Amino acid sequence: MYIFVTGTDTDVGKSYVAKGICEQLRNDGETAAYLKPFQSGVAENVLSDAQMVGGNAKSSYVTKTPSNPLISAEIDGVELDLEKVAVDFSKLKKECDNVIVEGSGGIYVPVKKGVLMADLIKRLNLPALIVARPDLGTINHTLMTIECLLNNNIKVLGVVISNYPAKTNDPVILRAKEMIELYSGHVKVLDIIKHDQKDFSLLVSKIIEQFAMSV
């Protein structure tokens with residue numbers, strides 16, 4: 001299974017979800033690798049996302065400046081190349097049966113001049129799993145992300161709502177799943193992940209099911 005984990009925005013829980021998927025696959029006896037093509041904001045003594053995932057995990061490019069890949073690479077004097085990312089991905093595919101690729105921010109984040117994150121997803125030819133936040137604005141951001149992915153001919157596996165509060169009476173949060181599924185057409189919310197959730201077995205089983213249908 002090879003998927004691309006993207007988000008409706010930055011800091012929505014992509015890394016937490018990607019890490020949880022990798023760990024669950026490994027716990028299930030599967031081989032699973034993790035690839036973070038562009039990791040920015042990594043200062044001295046700060047662990048990168050790949051280091052936090054551990055195991056067969058890597059980043060194609062690591063930069064210090066906290067920004068989108070384009071600006072971070074420009075400031076740090078790094079030349080980004082999608083072909084290097086593609087090569088890293090191909091190597092991981094040979095080593096593991098599952099590769100989870102995590103993007104930076106959303107799908108229209110600039111990677112380099114004339115290149116957006118959506119272009120990388122298409123270059124790798126991967127279906128996308130969308131990670132969304134639970135609170136106000138998530139319906140709009142999620143529906144726009146779904147539409148943009150489909151308009152770019154990228155298959156959408158589904159949506160994960162991350163960092164869901166343990167207790168809430170907020171109708172926006174309580175009805176987010178319903179609204180996303182109603183207005184997205186065929187795209188489903190595969191799981192709702194609590195902020196401290198450890199068991200990702202349900203999500204992984206649904207992703208595997210959706211991935212099988214997408215190939």
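Because the structure is a prediction, the values reported are computed rather than measured.
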* May I ask you to check whether Glu23 and Asn27 show a side-chain donor-acceptor distance below 3.5 Å? => no
* Ion pair Glu102/Lys19, N-O distance below 4.0 Å -> no
* To do: Go through the steps for Leu92 and Lys58 under the test side chain to side chain contact (heavy atoms under 4.5 Å, CB included), then give the verdict.
  => CA-CA 9 Å; Leu92 291 176; Lys58 71 173 301 180; 4.2 Å; yes
* Would you confirm whether Ser104, through its side chain, and Phe38, through its main-chain N or O, come within 3.5 Å as a donor-acceptor pair? => yes
* Among pairs that include at least one residue of residues 134-155, which meet salt bridge (Lys or Arg N to Asp or Glu O under 4.0 Å), considering only residues two or more places apart or in two chains? -> Arg133-Asp135
* Would a 4.5 Å heavy-atom cut-off, applied to side chains only, mark Ile3 and Ile100 as touching? -> yes
* To do: Could you tell me which non-hydrogen atom of Gly103 sits nearest to which non-hydrogen atom of Met117, and how far apart they are?
  => CA-SD, 4.2 Å
* Verify the cluster assignment for Ile121 and Val111: are they in a single hydrophobic cluster under the rule of side-chain heavy atoms below 4.5 Å apart? => yes
* Asked: Do Ile146 and Met144 belong together in a cluster built from hydrophobic side chains that touch within less than 4.5 Å?
  -> no
* Kindly indicate whether the side chain of Asn153, heavy atoms from C-beta on, has any atom under 4.5 Å from the side chain of Lys122. => no
* Asked: Would a hydrophobic clustering, with Ile, Leu, Val, Met, Phe, Trp and Tyr connected at side-chain separations under 4.5 Å, put Val87 with Leu124?
  -> no
* To do: Mind checking the OG1-CD1 spacing from Thr6 to Ile107? Nearest 0.5 Å is all I need.
  => 6.5 Å
* CG of Asp191 to CG of Leu202: how many Å apart, nearest 0.5 Å? -> 4.5 Å
* To do: Take Ile180 and Val187 through the side chain to side chain contact (heavy atoms under 4.5 Å, CB included) test and state the conclusion after the steps.
  => CA-CA 8 Å; Ile180 290 168; Val187 177; 5.7 Å; no
* Anything under 30° is parallel, anything over 60° is perpendicular, the rest tilted; go ahead and classify Tyr2 against Phe211. => perpendicular
* So if you build clusters from Ile, Leu, Val, Met, Phe, Trp, Tyr with side-chain heavy-atom gaps below 4.5 Å, do Val115 and Ile154 land together? -> yes
* Asked: Does one side chain, of Thr63 or Ser72, offer a donor that lies under 3.5 Å from an acceptor on the other?
  -> yes
* To do: Apply the test side chain to side chain contact (heavy atoms under 4.5 Å, CB included) to residues Val99 and Phe89: give CA-CA distance (whole Å), side-chain angles for both, the deciding distance (0.1 Å), then the verdict.
  => CA-CA 8 Å; Val99 181; Phe89 175 62; 3.8 Å; yes
* Look at Glu74 together with Lys112 and state whether they make a salt bridge at an N to O cut-off of under 4.0 Å. => no
* **Heavy-atom closest contact (Asn163 atom, Pro134 atom, distance)** => O-CG, 3.6 Å
* Asked: Looking only at heavy atoms, what is the nearest atom pair of Thr142 and Thr138, with distance?
  -> OG1-O, 2.6 Å
* **Heavy-atom pair of closest approach, residues Leu35 and Val85** => CD2-O, 4.1 Å
* Asked: Does the side chain of Val5 reach to within under 4.5 Å of the side chain of Val131, using non-hydrogen atoms?
  -> yes
* Asked: Between CD1 of Ile207 and CD of Gln24, what distance do you get to the nearest 0.5 Å?
  -> 10.5 Å
* Are side-chain heavy atoms of Met1 and Leu25 found at a separation under 4.5 Å? -> yes
* **Leu120 side chain near Pro37 side chain, heavy-atom distance below 4.5 Å** => yes
* List the steps and the verdict of side chain to side chain contact (heavy atoms under 4.5 Å, CB included) for Glu83 and Arg123. => CA-CA 9 Å; Glu83 288 308 307; Arg123 173 66 183 82; 2.8 Å; yes
* Asked: So if you build clusters from Ile, Leu, Val, Met, Phe, Trp, Tyr with side-chain heavy-atom gaps below 4.5 Å, do Ile71 and Leu80 land together?
  -> no
* To do: Taking the side chain as every heavy atom from C-beta outward, state whether Glu95 and Asn56 have any pair of such atoms under 4.5 Å apart.
  => yes
* Asked: Between Asn98 and Thr31, what is the shortest heavy-atom contact and its length?
  -> ND2-O, 2.9 Å
* Hey, is the main chain of Thr65 close enough, under 3.5 Å, to the side chain of Asp76 for a donor-acceptor pair? -> yes
* To do: Measure the shortest side-chain to side-chain distance between Ile21 and Leu129 over non-hydrogen atoms and say whether it is less than 4.5 angstrom.
  => yes
* Structure fact -> Tightest non-hydrogen contact, residues Cys22 and Ala32, listed as O-CB, 4.0 Å
* Examine the side chains of Asn140 and Tyr183 and answer whether a donor and an acceptor come within less than 3.5 Å of each other. => no
* Between Lys84 and Asp88, is the closest basic N to carboxylate O distance under 4.0 Å? -> yes
* Val189 versus Met179: any side-chain heavy-atom pair under 4.5 Å? -> no
* Spacing of Ile193 atom CD1 and Tyr164 atom OH [to the nearest 0.5 Å] -> 12.5 Å
* Asked: Does anything in residues 194-214 pair up under salt bridge (Lys or Arg N to Asp or Glu O under 4.0 Å), and if so which pairs, sequence neighbours excluded?
  -> none
* Asked: Salt-bridged, Glu181 to Lys177, with N to O below 4.0 Å?
  -> yes
* Thr168 side-chain N/O to Asp170 backbone N/O, donor-acceptor pair under 3.5 Å -> yes
